[in-house]
Amino acid sequence: MASQPQDIHELMRRREYSAGFVTAIESDTVPPGLSEDVIRMISARKQEPEWLLEFRLKAYRRWLRMEEPKWAHVHHPPIDYQAISYYSQPKSFKDGPKSLDEVDPKLLETYKKLGIPLKEQEMLAGVAVDVVFDSVSVATTFKKKLAEAGVIFCPISEAVREHPELVRKYLGSVVPFGDNFYAALNSAVFTDGSFVYIPKGVRCPMELSTYFRINERNTGQFERTLIVAEEGSQVSYLEGCTAPQRDENQLHAAVVELVALDDAQIKYSTVQNWYPGDEQGRGGIYNFVTKRGDCRGKRSKISWTQVETGSAITWKYPSCILRGDDSVGEFYSVALTHHRQQADTGTKMIHVGRNTRSTIVSKGISAGEGQQSYRGLVRVLESADNARNYTQCDSLLIGDRCGAHTFPYTEVRNPSARLEHEATTSKIAEDQLYYCRARGIGEEEAVSMIVNGFCKEVFKELPMEFAVEAGKLLAVSLEGAVG
Amino acid sequence: MLEVKGLHAKVEGKDILKGLDLSVRAGEVHAIMGPNGSGKSTLSHVIAGREGYEITAGSVQFDGRDLLALPPETRACEGIFLGFQYPVEIPGVSNLTLLKAALNARRKYRGQPEIDPGDFLAWVRDRARLVKIDPKMLSRGVNEGFSGGEKKRNEILQMLVLEPRLMILDETDSGLDIDALKIVADGINALRSPERATLLVTHYQRLLDYVQPDYVHVLARGRIVRSGGPELARELEQKGYGWLEAA
C-alpha cells in the first residue's frame, strides 16, 4: 500500500474548538427557572416601559400553550426550560459601561482571544461592532461616526430607552410574538441584541457587526435583533457567535427581524461558530433561531448569507417575505456538520408582491456522523404575478457515516410563477483528492481546498474579510474528516 | 534516478504488473509503449502513489529512496510529476489556487518560505505563455468545463510551473489535434535537461516525432518485453504490437 490510511477517529479527536475557553468573570445571574415573576424582573432591571413588559407577558402566556416543533430532522433529549437561567450579566456592568474605557479588561481580553479587538483604533477599518456577552451588550464601537450619518446602531435595550417609538413600531412586526415556540420564548425573555436604523436615503458608511458570546454555565442566550432600513437606504450587517466548551447543552433561541422599505437593501451575513459539542456528541449549543426579513417596500432587497459550522443542533430558516412589488430575496448558505452535529436549515421565500424574485443557494457539507437537512419553502401567493425563484441545493458528503437530506416544498397559487430547482449530492471524490496529492498538497489541505471550492458561490457573497475567516473556519471544522 | 525492480502489482485482486524492471537515469527520456491493458497506466499510478494498488513483490526506488513507503504528496514534493490521462475537475478551486498550494507545499517541504504572490503570478503567466494558455483560464476552476485539449495543456502548465525532476506523462498525447500535440511537446522539451528525466507513456508513435526519446520500451502483459532506441517506436508503428505480444 502506497500510503497508510490514518485512523479517522484519532484524527478527529485532534479537532479543537479554539473559542472554547471560559472567561472567569463575576456574573450576576438570576436563578434558573421561568415564570411571570422572572419576566417582570428582567423587564424591571432593564427599566423597560409598560408596553414592552406587556409584549413579554403576552408572549409568555402564548408560549405556555405551545409545543416544541417536532417536524425537524433532529434528535435531542427534552429541554428543561426551568433549568435555564434567563438572565446573566457581568457584575462590573451594573450600570452599563459608558465607554470602552469602562469595560472590564477581562472582557476585552475575551474578545481579543476571539480575534475581535474592540478598541476602535485596532479594528478592521470600516467595521462597527456591537458585542453581546451572555445577556447584555458590552460595547458598541464607532457610534459617533455612525451618528453623523444618522445611523442608529446600539444595544436593543438602549434603543428601547432612547428610541422607544421606533422599537415599538417595528418590534414583533415581522416575527409576531406567537410565531413559533422558540420565537415566543424569545419574545418573553429576550435580554439584549442589536438595533439598527438606517434613515431614508442613507448608505451605511461601514459594515455593522455584532458578536454574540455565551459565557455563563446553564444560561441561555435569547438575543433580539431588529434592523430597519428606511426608503432608499442600504446596510450590510454581520453577526458572529462563539461559546465556551462545556459538557452540557446550552440553548440559544434568537429572533432577528429585518424591515426593508421602498428601494432599501439589507445584507445580513452570519458566521456561526457556537460550540458544536465533542466527537461523542456531548455538550454544544442548541441553536433554535427565527430569522425573517420583510421586504415591505417596492424594489426592496434582503439578502441572507450564512456560514454555519457550529452548534450541536441547528434549527434555522432565515426567510424573506417579498411583499413589495419587484422586491428581491436571497439566501446563500453553507452549513457544515461533523461528528454528531445535526442541522436542519434552509429558508422560506414568500412571494406576495408582483415581479418578486428569490434566489436560494444552499451548500451542505456532512462529515463524521453529521446529519444535515435542507428544508426550503417557496410560496407564491395569488397576488404575486410573474414571481420567479431559483433554488440550488448541493450536498457534499465526506466519509460514509454522514447524511444529507433535502426537503424542498413549493406552494404556487399563481400560474405565471417560474420556479427552478437544482439539487446535487456528491462525495469528495477519491480522484480529486489523489489529483491534489499528486501535486504535492497534503490530504487535509486538499480536503479544505475542495470544500472551499464547493462553497465558493456562497463565500463570494460575504464581506471580503469574513469570506477569508469563513474559509479558515471550515478548514478547522473539517480537521480530521478524512482518514 | 528511478529504479523499478521485479515489480508485481494487483488491482482489485487482478495481477497487472508481473515482474517489471525499468531503470531511468537523469537526463534521459524513456517512452513506454504498449497495447491497451498492458499495465502502462498502472505503472504510472504506482510510481505516483495512487491508493488501491497492491504491490505484491519488487521495489521502486527514487534517488535511492524507497518510493513505495511515501504518500503521494511526499513523492510529488520529492520531484515526481504525473500528467494525468484523465485530468480531474475540481469545481470552484481556481487553477491559480491549486498551483499556488502545490508550489508552496514543495517549498515548505524544502524548508523554504512561501512564494511572494507577485512573483508567483508573474511566474505562472510566463509559463502559461509557453503552452498558449489564456491568463483568464488561470482563474477558472481546475479543469472545470475545459475541453480535452485544454485539460492536457493544463497538465503541462502545472508541470512547467512545478518543475519536477521526473516527469511521467500518461497518454498526454491521446485525443490531441496536431497543434495541441505540438504545444504539449514544446512544453515537455522546455523542461528537458541533464538533471531531469521523462517517462512518456503512450500508445502511439505520434508524440515521439516531437519529443525524441532515448529509449523505447514495449510493455505487454505486465512486463517489458522489448527495449530499444527510437527506431523501435517506428517499427511498432508499422507492425503493431501483435508480433511482440505473441513473443
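Values in this document were obtained by computation on a predicted structure and should not be read as measured data. Quick note on labels: first sequence line is chain A, next is B, and so on, each numbered from 1.
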### A:R388 atom CZ: more than 12 heavy-atom contacts under 6.0 Å
no
### Query
For B:A76 and A:A438, which heavy atoms make the closest approach, and how far apart are they?
CB-O, 3.3 Å
### Query
How are the rings of A:Y434 and B:F84 set relative to one another: parallel (under 30°), tilted (30 to 60°) or perpendicular (over 60°)?
tilted
### B:E155, part contacting chain A, at a heavy-atom distance under 4.5 Å
side chain
### From B:K100 atom NZ to A:I441 atom CD1, the distance as rounded to the nearest 0.5 Å
12.5 Å
### Query
Side-chain donor-acceptor pair under 3.5 Å between B:N143 and A:Y435, yes or no?
yes
### Summary
Counting heavy-atom pairs under 4.5 angstrom with chain A, the leader among B:R106, B:M159, B:Q158 is B:Q158
### Query
If you count the non-hydrogen atoms of other residues, nucleotides and ligands that lie under 6.0 Å from CD in B:E12, is the total more than 12?
no
### Message
For A:N452, which atoms come within 4.5 Å of any heavy atom of chain B: side chain, backbone, both, or neither?
### Response
neither
### Residue B:R223 excluded, over 12 heavy atoms near CZ under 6.0 Å
no
### Query
What option among A:M449, A:R439, A:K456 has the most heavy-atom pairs under 4.5 Å with chain B?
A:R439
### Task
For atom CD of B:E114, decide whether the heavy atoms of other residues, nucleotides or ligands shown that lie under 6.0 angstrom number more than 12.
no
### Query
Is it true that atom NZ of A:K348 has more than 12 heavy atoms of other residues, nucleotides or ligands lying nearer than 6.0 Å?
no
### Task
Flag the pair A:R437 and B:E51 as a salt bridge only when some basic side-chain nitrogen lies within less than 4.0 angstrom of an acidic carboxylate oxygen.
yes
### Message
Can you tell me which portion of B:E78 sits under 4.5 Å from chain A's heavy atoms? Options are side chain, backbone, both or neither.
### Response
neither
## Note on the structure
Between A:I450 and B:V93, the two heavy atoms sitting closest are CA-CG2, 4.1 Å
### Query
Is the CZ atom of A:R357 crowded by more than 12 outside heavy atoms at less than 6.0 Å?
no
### Query
Which atom pair, heavy atoms only, marks the closest approach of A:G440 to B:C77?
O-SG, 3.8 Å
### B:P164 portion near chain A, given a 4.5 angstrom heavy-atom threshold
neither
### Message
Counting only non-hydrogen atoms closer than 4.5 Å, does B:L98 touch chain A with its backbone (N, CA, C, O), its side chain (CB onward), both, or neither?
### Response
both
### Message
Between A:Q432 and chain B, with a heavy-atom cut-off of 4.5 Å, which part of the residue counts as in contact: side chain, backbone, both or neither?
### Response
both
